[in-house]
Asker: 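Would you mind keeping the following structure in view while I ask a few things?
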Amino acid sequence: MIRTRFAPSPTGYLHIGGVRSALFNWLLAKQSGGQFILRIDDTDAGRNVSEALQPILDGFRWLGMDWDEGPDIDGPHAPYYQSQRSNRYQEAAERLLASGHAYRDYATPEELKAERDAAEKKGERFFYERQWMAETDEQAAAFEAEGRPRTLRLKMPREDECVIQDLVRGEVRFEWAQEQDTVIQRPDGSCLYHLASVIDDHDFEITHVVRAEEHLPNTPRQIFILESLGYQRPQYAHLPYVAEPGGSAKLSKRKLAKYENNKDFAQLLARGRSIADRCNIPMEADTFNPVIIDFYREIGFEPQSILNYLLLLGWSLDGETEKFTVDEMVKLFTLDRVNKSPASFDPRKLISFQGDVFTQLPLETRIQRVRPFAERAGLLGTSQAEEMLAKVVDGAEDRLKIAGDILDFDYFFLEEISFNEKAFVKRICKPDNARELLRRLRDHLAPSEAFDAEYLENQIQHFCETSNIELKDIIHAIRVAATGQAGGFGMFDTLAILGKTKVLSRLDIALERAATICADA
RNA sequence: GGCCCCAUCGUCUAAUCGGUUAGGACACCGCCCUUUCACGGCGGCAAUCGGGAUUCGAGUUCCCGUGGGGUCACCA
């Protein structure tokens with residue numbers, strides 16, 4: 001039975017690299033009928049744990065990554081919050097002390113800092129030499145009489161080496177003598193991460209520890225703890241981290257400003273901002289940031305595309321197959337095809353995946369996805385607008401890649417549109433007969449009873465013949481006048497969806513506008 | 001700096017147990033389709049970090065460089 005875990009700290013946001021780690025854990029557990037556990041690493045957290053945890057749980061729920069045990073649902077090993085498990089850690093700390101694998105240490109923070117600074121001055125690395133270690137109760141009493149604070153440190157071996165069989169990296173060796181005597185318990189009795197993590201993995205019966213590569217150097221001391229306690233080693237798999245766009249450093253949410261220099265990243269962020277701006281979505285850098293999962297939910301990405309993209313960041317099936325449903329991911333994922341080197345985050349490929357996924361959704365689903373955005377942007381409200389929405393989504397076809405893209409087609413809904421200035425000049429001002437043709441076309445269409453695409457095509461073709469012009473001589477001017485835009489979907493469909501009233505009034509508005517702004521007016 | 005990890009097109013990656021014209025995808029560039037914008041179709045550009053060793057033969061094995069990165073807390 002495989003049991004995996006993801007252990008977020010309640011930081012208030014879910015990092016995209018974290019999602020990938022969690023995904024691999026989740027897939028590994030699901031494919032064998034095992035369990036995926038969510039454990040909350042809040043040993044160092046402030047008061048607002050539940051508030052800071054919410055976005056993380058929301059993120060997982062949105063992605064459809066359900067956990068079998070953890071917050072909100074509990075399970076046989078509850079509690080799943082480290083802050084509620086301190087008695088377990090203290091118990092272990094005492095055992096470690098009793099067995100001689102840990103010792104009482106009475107160094108003050110000031111003394112340690114002085115040692116550290118001195119080492120740094122000499123260009124050496126700091127290595128604690130147990131100057132304030134108390135080996136006997138007498139020594140401990142003497143230190144305590146001086147009023148020194150007591151911490152518990154691991155008494156690391158000074159010879160031999162630690163050999164790890166890592167499922168993605170193979171055999172990795174560390175010399176024990178290089179390992180520091182890590183502090184596992186603070187003077188106030190609270191225990192630190194390494195201890196807590198090992199105890200929890202044991203208590204929760206975790207069989208596979210799949211986590212980011214940055215934890216690889218921590219592994220020897222965790223192995224020391226668990227073996228000292230007589231626990232069995234889990235299987236380890238250290239994943240390469242997700243690197244920044246166009247670079248090889250670890251992707252970090254704090255470097256948003258730097259990433260904005262990356263064209264692709266900047267474009268994605270700009271896209272998001274324009275949607276958020278129209279929909280009154282808050283844009284704090286803590287959550288509205290392509291490094292954070294909330295960003296994608298807020299602007300209308302599909303969980304499926306994010307999962308699929310992240311799966312391929314460091315894993316491949318055969319180098320050919322790229323599109324996977326969640327069921328396929330679960331069935332086909334294997335740790336032995338995880339790559340060893342960091343994979344940099346490529347916003348363009350993510351967008352491409354998203355476009356494919358969204359386009360293939362049934363019309364009804366697309367309408368449903370898009371509606372909240374249209375609503376928040378104030379485009380809906382009337383029953384005509386509802387009908388319009390369905391027609392627009394249908395007509396837009398694959399031009400809609402992200403749900404928030406519906407705002408690109410706001411001109412169908414708005415009473416007053418804004419004109420693309422360049423297009424207006426090029427299509428309406430510049431051709432010398434454009435205004436005349438538009439005026440005549442307006443009058444030609446005014447008496448029309450019908451206003452469907454087929455009828456419009458016939459009418460406009462006929463208009464062209466009688467005017468001795470070709471369709472292409474007028475169609476661009478019509479589009480700009482009716483939509484304000486240079487591009488869009490089929491012209492006759494566009495006019496039909498807009499409806500006669502809007503089309504006629506916009507032709508009037510465009511003509512008035514041309515009269516005032518065109519250079520020769 | 002110590003320890004550890006990594007190294008194929010711009011990016012993500014493929015290449016049984018050494019033998020391929022080093023394959024696919026995203027991006028980019030052409031052409032076609034077309035009333036525009038997309039889509040789609042066709043084509044193109046583009047990579048094994050360097051040096052040794054082993055071998056008939058090395059992207060693949062070994063060694064040495066070089067480069068990139070991670071980590072070195074009374075954080076997680």
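The structure presented is a predicted model; accordingly, all values stated were derived computationally and were not measured.
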Asker: Nearest heavy atom decides the nucleotide; on that basis, is A:S352 or A:V183 closer to the 5' end of RNA chain B?
Answerer: A:S352
Asker: With nearest nucleotides of RNA chain B determined for A:S344 and A:G319 from heavy-atom distances, which residue corresponds to the more 5′ nucleotide?
Answerer: A:S344
Asker: Take atom P in B:rU61 and the same atom in B:rC17, then report the distance between them in whole Å.
Answerer: 10 Å
Asker: Could you state the CD-C1' distance from A:E110 to B:rC74, rounded to the nearest angstrom?
Answerer: 11 Å
Asker: Classify the nucleic acid contact of A:R427 as base, sugar-phosphate or nothing, counting any heavy atom under 4.0 Å across all strands shown.
Answerer: nothing
Asker: Can you tell me, in whole Å, how much space there is between the C1' of B:rA47 and that of B:rU11?
Answerer: 12 Å
Asker: In whole angstrom, give me the gap between the P atoms of B:rA46 and B:rC9.
Answerer: 14 Å
Asker: Determine yes or no for a side-chain-to-main-chain donor-acceptor pair under 3.5 angstrom, with A:D452 supplying the side chain and A:Y455 the backbone.
Answerer: yes
Asker: Tell me what A:N339 touches on the nucleic acid: a base, only sugar-phosphate, or nothing, going by heavy atoms under 4.0 Å.
Answerer: sugar-phosphate
Asker: Using distance alone, with no hydrogens and no angle criterion, decide if A:Y106 and A:E144 have a side-chain donor and acceptor under 3.5 Å apart.
Answerer: yes
Asker: Check the distance between B:rU71's P and A:E175's CD and give it to me in whole angstrom.
Answerer: 22 Å
Asker: Distance between the C1' atoms of B:rA15 and B:rU60, in whole angstroms?
Answerer: 9 Å
Asker: Where the side chain of A:N218 is concerned, which of B:rU13, B:rG24, B:rA76 is the nearest nucleotide?
Answerer: B:rA76
Asker: If anything within 90° of 0 is syn and all else is anti, what is B:rC17?
Answerer: syn
Asker: Measure CD1/A:I306 against C1'/B:rC12 and give the value in whole Å, please.
Answerer: 17 Å
Asker: Can you tell which of B:rA76, B:rC6, B:rU36 lies closest to the side chain of A:R169?
Answerer: B:rC6
Asker: For A:A212, which contact category applies under a 4.0 Å heavy-atom criterion: base, sugar-phosphate, or nothing?
Answerer: nothing
Asker: For A:L268 and B:rA27, what is the distance between atoms CG and C1' respectively, to the nearest whole Å?
Answerer: 15 Å
Asker: Provide the distance between the two P atoms, one in B:rC28 and one in B:rA38, to the nearest whole Å.
Answerer: 10 Å
Asker: If we ignore hydrogens and angles and just use 3.5 Å, is the side chain of A:S9 paired with the main-chain N or O of A:T11 as donor and acceptor?
Answerer: no
Asker: Quick test: give all pairs of protein nitrogen or oxygen and nucleotides 37-45 of chain B nitrogen or oxygen below 3.5 Å, distance rounded to 0.1 Å.
Answerer:
unit_1 : atom_1 : unit_2 : atom_2 : d
B:rC37 : O2     : A:R399 : NH1    : 2.5
B:rC37 : O2     : A:G488 : O      : 3.1
B:rC37 : N3     : A:R399 : NH1    : 2.5
B:rC39 : O4'    : A:D398 : OD2    : 3.1
B:rC39 : O2'    : A:D398 : OD2    : 2.9

Asker: Using only side-chain N and O atoms of A:R20, determine if any of them is under 4.0 Å from OP1 or OP2 of B:rC12.
Answerer: no
Asker: Does the structure place the NZ or CZ of A:K391 under 6.0 Å from the centre of the six-membered ring of A:F412, at an angle of no more than 45° from the ring's axis?
Answerer: no
Asker: If we only count heavy atoms from C-beta on, is the A:M133 to A:R104 side-chain gap below 4.5 Å?
Answerer: no
Asker: Measuring from the side chain of A:L192 (C-beta onward, heavy atoms only), which nucleotide among B:rG70, B:rA15, B:rC75 has the closest atom?
Answerer: B:rC75
Asker: B:rA25 P sits how many Å from A:F324 CZ, rounded?
Answerer: 14 Å
Asker: Of the options B:rC75, B:rA76, B:rU35, whose atoms approach the side-chain atoms of A:R186 most closely?
Answerer: B:rC75
Asker: Between A:R348 and B:rC28, does any side-chain N or O lie under 4.0 Å from OP1 or OP2?
Answerer: yes
Asker: Give, for atom CD1 of A:I225 and atom NE2 of A:H194, the distance between the pair rounded to the nearest 0.5 Å.
Answerer: 7.5 Å
Asker: With a 4.0 Å cutoff (strictly under), does any side-chain N or O of A:S316 reach OP1 or OP2 of B:rA14?
Answerer: yes
Asker: So, A:R5 and A:D200, do they make that salt bridge, N to O below 4.0 Å?
Answerer: no
Asker: Look at the side chain of A:K340 and the base of B:rA7, then say whether one donor and one acceptor between them are separated by less than 3.5 Å.
Answerer: no
Asker: With heavy atoms under 4.0 Å as the rule, sort A:R39 into base, sugar-phosphate or nothing.
Answerer: nothing
Asker: Go through residues 460-474 of chain A and report each residue with a non-hydrogen atom lying under 4.0 Å from RNA chain B, sorted by number.
Answerer: none
Asker: Any base atoms under 4.0 Å from A:H215, or only sugar-phosphate, or nothing? Heavy atoms, all strands.
Answerer: base
Asker: A:E322 has a side chain; which of B:rA27, B:rG24, B:rC6 sits nearest to it?
Answerer: B:rG24
Asker: Show your reasoning for whether side chain to side chain donor-acceptor pair (under 3.5 Å) applies to A:N218 and A:Y193.
Answerer: CA-CA 11 Å; A:N218 295 332; A:Y193 168 73; 5.5 Å; no
Asker: Which whole number of Å gives the distance between the P atom of B:rA58 and that of B:rC49?
Answerer: 15 Å
Asker: Counting heavy atoms from C-beta on, name the nucleotide in B:rU71, B:rU35, B:rG10 closest to the side chain of A:D346.
Answerer: B:rG10
Asker: NA contact type, A:P245, heavy-atom cut-off 4.0 Å: base, sugar-phosphate, or nothing?
Answerer: nothing
Asker: Just so I know, are the side chains of A:Y236 and A:R211 near enough to count as touching, which here means a heavy-atom distance under 4.5 Å?
Answerer: yes
Asker: Is a salt bridge present between A:D117 and A:K113, judged by a nitrogen-to-oxygen distance below 4.0 Å?
Answerer: yes
Asker: From the list B:rC74, B:rU35, B:rC12, which nucleotide is the closest neighbour of the side chain of A:K349?
Answerer: B:rC12
Asker: Look at all strands and tell whether A:F174 reaches a base, only sugar-phosphate, or nothing, counting heavy atoms closer than 4.0 Å.
Answerer: sugar-phosphate
Asker: Nearest to the side chain of A:H194 - B:rA7, B:rC5, B:rA76?
Answerer: B:rA76
Asker: Return each pair, listed once, that meets side chain to side chain donor-acceptor pair (under 3.5 Å) where at least one residue sits in residues 146-156 of chain A; pairs must be two or more places apart or across chains.
Answerer: A:D105-A:R153, A:E111-A:R148, A:E135-A:K155, A:E146-A:R148
Asker: Side chain of A:Q178: nearest nucleotide among B:rG2, B:rC26, B:rU35?
Answerer: B:rG2
Asker: So do the side chains of A:I40 and A:Y80 get within less than 4.5 Å of each other, counting heavy atoms only?
Answerer: no
